[in-house]
Amino acid sequence: MKIGILLAGHTRPQLLSAHGDFDAMFRHLLKGHGFDFVSYDVENMIFPDSVRDADGWLITGSKHGAYEDHAFIPPLERFIRDAYAADVPMAGICFGHQIVAQALGGRVEKVDRGWAVGRAEYSTAGGGSLVLNAWHQDQVVQVPQGAICLAGNAFCENAILAYGDRVFTVQPHPEFSNELIADYVDILRGTGDYPDDRMDLAKDATLTPVENARLATSIARFFLTRSANVDA
């Protein structure tokens, strides 16, 4: 199965040599599930010719807000709607989670609760819990019609959404290892963009495991079987 990775942004230049760009992170995350990958730098207006150019699509994170005025956002929203109408499965992570919701009739906002940085625990619809690394301030505050919430917490209510068997999106970052979070904290601490106390907690929490492999299995299962479930 060929998965097209739509790069809506890129990792920090200082981290490329150690961790690779976002598409490399997803190739590593989903390694062993039998996928082939092709990447498109949609942030720089490089789009597939057709939604049929891959068997499924994965939209990455980005430094941009889904509601901001950037040239790539309107064509990306059109691509999302076209893929949805054509029943080509899509997954979205962080910005990808947000832009899918916006394109399909939801609403995304910068919330006044500030930044989620590092380890976060979510309650799942099946009564369990899930731990992943997060890095975001924007959130899906209005869920599109037909989407259901599979996981959330008090800080981010709509953390994982499923749109029938067509779309599976995740606000936190299953592709972000603890090592990456530690490096992000080291290069961004003191810039004034993130509260020092949250950065300190995020760095300390990198000593505690997260459940990236579990989410990798959920994403792979969705692409392969169209089952969107984080409790299986």
Side-chain angles (χ1 to χ4, degrees), residues 5-31 37 39 41-44 58-68 70 72 91-99 108-122 130-140 151-156 158-160 169-216 218-219:
I5 299 176
L6 304 180
L7 279 157
H10 301 273
T11 194
R12 299 274 174 164
Q14 306 97 307
L15 303 180
L16 282 171
S17 61
H19 302 283
D21 208 344
F22 292 151
D23 55 347
M25 295 179 199
F26 281 109
R27 289 169 189 256
H28 176 74
L29 179 72
L30 297 172
K31 184 178 179 180
F37 298 95
S39 300
D41 188 355
V42 297
E43 183 191 26
N44 289 306
L58 190 154
I59 307 169
T60 74
S62 176
K63 66 181 179 181
H64 304 300
Y67 46 78
E68 293 174 350
H70 301 289
F72 78 97
I93 308 298
C94 197
F95 172 88
H97 169 79
Q98 298 160 10
I99 195 69
V108 177
E109 292 180 358
K110 189 183 300 293
V111 298
D112 58 11
R113 291 185 292 279
W115 284 93
V117 179
R119 190 178 190 273
E121 183 172 353
Y122 303 89
L130 175 66
V131 178
L132 295 168
N133 284 316
W135 200 287
H136 68 96
Q137 186 174 12
D138 295 346
Q139 294 188 27
V140 176
N153 60 23
F155 187 90
C156 181
N158 300 309
I160 301 181
T169 66
V170 182
Q171 176 59 69
H173 285 277
E175 80 283 17
F176 278 15
S177 66
N178 280 347
E179 293 77 13
L180 176 68
I181 292 293
D183 287 347
Y184 261 118
V185 171
D186 286 344
I187 68 171
L188 295 173
R189 189 200 305 268
T191 62
D193 295 326
Y194 307 94
D196 288 343
D197 58 341
R198 296 191 185 185
M199 296 291 264
D200 292 340
L201 288 171
K203 185 65 176 287
D204 291 343
T206 59
L207 301 176
T208 306
V210 290
E211 296 180 283
N212 291 355
R214 178 177 165 193
L215 245 291
S218 295
I219 294 169

Between [X] and [Y], is any pair of side-chain heavy atoms under 4.5 Å apart?
X      : Y      : answer
Val210 : Arg119 : yes
Leu30  : Ile219 : yes
His28  : His19  : no
Phe26  : Thr60  : yes
Lys203 : Asp186 : yes
Ser39  : Arg27  : yes
Asp41  : His10  : yes
Ile160 : Leu130 : yes

Shortest non-hydrogen contact from [X] toward [Y]:
X      : Y      : answer
Val131 : Glu121 : CG2-CG, 4.0 Å
Ala151 : Tyr122 : CB-CB, 4.2 Å
Cys94  : His136 : SG-CB, 4.0 Å
Asn153 : Ala120 : ND2-CB, 4.4 Å
Gly118 : Ala202 : CA-CB, 4.0 Å
Leu132 : Glu211 : CD2-O, 3.7 Å

Rounded to the nearest 0.5 Å, how far does [atom2] of [Y] lie from [atom1] of [X]?
X      : Y      : atom1 : atom2 : value
Leu29  : Ser177 : CG    : OG    : 10.5 Å
Ile93  : Thr169 : CD1   : OG1   : 8.0 Å
Asn178 : Asp183 : CG    : CG    : 11.0 Å
Asn44  : Leu7   : CG    : CG    : 9.5 Å
Asn133 : Leu215 : CG    : CG    : 11.0 Å
His64  : His70  : NE2   : NE2   : 5.0 Å

For the backbone of [Y] and the side chain of [X], can you confirm whether one donor and one acceptor N or O come within less than 3.5 Å of each other?
X      : Y      : result
Arg198 : Trp115 : yes
Asn212 : Glu175 : no
Gln139 : Phe155 : yes
Gln171 : Cys156 : no
His97  : Asn158 : yes

> Is it true that atom NZ of Lys31 has more than 12 heavy atoms of other residues, nucleotides or ligands lying nearer than 6.0 Å?
Replying inline: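 Open: at most 12 neighbouring heavy atoms sit under 6.0 Å from NZ of Lys31.
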> Does the side chain to side chain contact (heavy atoms under 4.5 Å, CB included) test come out yes or no for His173 and Met25, once each step is laid out?
Replying inline: CA-CA 10 Å; His173 285 277; Met25 295 179 199; over 6 Å; no
>> Evaluate Tyr184 against Phe176 for side chain to side chain contact (heavy atoms under 4.5 Å, CB included), listing each step before the verdict.
In response: CA-CA 10 Å; Tyr184 261 118; Phe176 278 15; 3.9 Å; yes
> Parallel, tilted or perpendicular: which fits the ring planes of Trp135 and Tyr194, with parallel below 30° and perpendicular above 60°?
Replying inline: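 Trp135 vs Tyr194 ring planes: perpendicular.
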